[in-house]
Number of protein chains: 2
Amino acid sequence: MPTPHYGQPRYHVIADALRERIESGVIPPGTLLPTESALTAEFRAARGTIRQAIGLLRETGWVSTEHGRGTYANLGPFGSPPSETSELRRRRRVVPDRELATLFAVDEGATLLEEQFVTKVDGNVREVVRRYRLTPPAL
Amino acid sequence: MPTPHYGQPRYHVIADALRERIESGVIPPGTLLPTESALTAEFRAARGTIRQAIGLLRETGWVSTEHGRGTYANLGPFGSPPSETSELRRRRRVVPDRELATLFAVDEGATLLEEQFVTKVDGNVREVVRRYRLTPPAL
DNA sequence: AGAAATTTGTCCGTATGTATC
DNA sequence: AGATACATACGGACAAATTTC
């Protein structure tokens with residue numbers, strides 16, 4: 001099989017499928033997810049891909065894995081055992097407001113690179129950080 | 001080559017080496033890191049391992065990666081570096097835009113605390129960071 | 001404008017190390 | 001000790017975004 005990833009990446013799709021099973025109760029909280037090899041067989045995906053999907057669920061608090069034991073389903077994002085802080089990211093090109101245009105000494109028609117970091121605690125947004133930089137030369 | 005990882009994992013070691021270069025100025029903020037293939041050659045590591053190391057730096061805010069372009073060195077984890085590179089700051093209350101209002105789950109009439117950090121290098125603005133929070137912990 | 005080269009993103013298959021049961 | 005499962009690492013391939021010519 002080649003490597004088609006037209007829409008979402010494979011591991012995104014797999015993560016979504018697993019998340020849905022947890023949400024719907026097919027995989028009850030506190031129970032083990034299928035093993036990596038089982039998921040590998042079911043989704044016809046490589047181990048690394050399965051592990052990326054599980055890693056995604058772990059970062060978002062849906063599961064917790066224990067070394068040498070397995071991966072457990074949690075109650076939900078930041079539901080039961082896990083997480084204090086999470087961090088999401090987004091990047092895009094934006095038109096600077098007057099202040100930014102002045103600081104960077106560019107026209108207001110120019111574009112800046114904006115990165116946004118969202119820090120959550122127990123599922124609540126604690127702070128949002130927006131970083132602005134000049135778009136690297138040549139554009 | 002086998003896969004020894006006795007002490008620290010290789011991607012930890014590589015990440016540390018790269019972070020050291022950023023901190024010491026060998027790789028100045030805003031400039032590109034060597035390409036993945038260059039790092040592959042230098043560290044004699046597989047590309048996946050290099051990408052793991054870079055991913056570590058990205059999670060901790062040391063670098064930012066752009067598809068098809070490269071990986072840029074940042075100043076450090078967010079606004080952290082109280083470095084000699086001058087840094088101004090300003091504090092004020094602002095009305096959240098729609099996105100911020102949604103993230104913080106507040107009305108658009110509410111006010112958020114905005115802190116602005118301006119980092120200059122050689123007198124030129126390198127980056128502007130704006131942090132938004134609900135309640136100031138210690139104003 | 002368009003094609004080629006460069007660079008990061010994703011995926012595959014495999015092998016070995018390490019921790020737990 | 002053996003079985004199971006996660007962690008790390010290798011190498012190769014194709015896809016997508018960007019830059020360069």
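Chain letters run A, B, ... following the sequence lines, proteins first, then strands; residues in each count from 1.
Looking at the side chain of B:Thr65, the nearest of the listed nucleotides C:dG9, C:dC12, D:dC6 is C:dG9. Of the candidate nucleotides D:dA9, C:dT10, D:dC6, D:dC6 has the atom nearest to the side chain of A:Arg51. Ranking C:dC12, C:dG9, D:dA7 by closeness to the B:Arg58 side chain, first place goes to C:dG9. Checked against C:dT16, C:dT8, D:dA9, the side chain of B:Tyr11 finds its nearest nucleotide in D:dA9. Closest to the B:Gln52 side chain, of the nucleotides C:dT8, C:dG13, D:dA9, is D:dA9.
Atom CZ of A:Phe43 and atom C1' of C:dT10 are 17 Å apart (whole Å). Computed from coordinates, the A:Arg44 CZ to C:dG13 P distance equals 11 Å when rounded to whole Å. In this structure, B:Glu36 places its CD atom 16 Å from P of D:dG12, rounding to the nearest Å. To the nearest angstrom, P of D:dT4 lies 15 Å from CG of A:Leu32. Look at CD1 on A:Ile50: it is 12 Å from C1' on C:dC12, rounded to the nearest Å. Across the protein-nucleic acid pair, B:Ile54 atom CD1 and C:dT7 atom C1' stand 11 Å apart, rounded to whole Å.
Remark: B:Arg44 engages no residue in a salt bridge (Lys or Arg N to Asp or Glu O under 4.0 Å) (not counting sequence neighbours). B:Ser24 pairs by the side chain to side chain contact (heavy atoms under 4.5 Å, CB included) definition with B:Val26, not counting sequence neighbours. Residues meeting the salt bridge (Lys or Arg N to Asp or Glu O under 4.0 Å) test with B:Arg51, sequence neighbours left out: B:Glu36.
For the 3.5 Å distance criterion, the side chains of A:Thr65 and A:Arg58 qualify, holding a donor opposite an acceptor.
Stacking of B:Arg10 on the aromatic ring of B:Phe43 is not recorded, the 6.0 Å distance cut-off and the 45° axial limit not both being met.
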Close N/O contacts between protein and nucleotides 19-21 of chain C (under 3.5 Å):
unit_1: C:dT20; atom_1: O3'; unit_2: A:Arg69; atom_2: NH2; d: 3.4
unit_1: C:dC21; atom_1: OP1; unit_2: A:Arg69; atom_2: NE; d: 2.7
unit_1: C:dC21; atom_1: OP1; unit_2: A:Arg69; atom_2: NH2; d: 2.1

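Contact annotation for B:Gly48: no contact, since no heavy-atom pair falls under 4.0 Å across all strands.
Between A:Thr35 and D:dT4, a side-chain N or O to OP1/OP2 separation shorter than 4.0 Å is absent. At the phosphate of C:dC12, OP1 or OP2 sits under 4.0 Å from a side-chain N or O atom of A:Thr49.
Chaining together hydrophobic side chains whose heavy atoms lie under 4.5 Å apart places A:Tyr72 alongside A:Leu32. Here A:Leu56 sits in one hydrophobic cluster together with A:Tyr11; the rule is ILVMFWY side chains under 4.5 Å apart, joined directly or through other members.
Nucleotides of DNA chain C nearest to A:His12 and A:Arg47 differ in position, and the one nearer the 5' end is that of A:His12.
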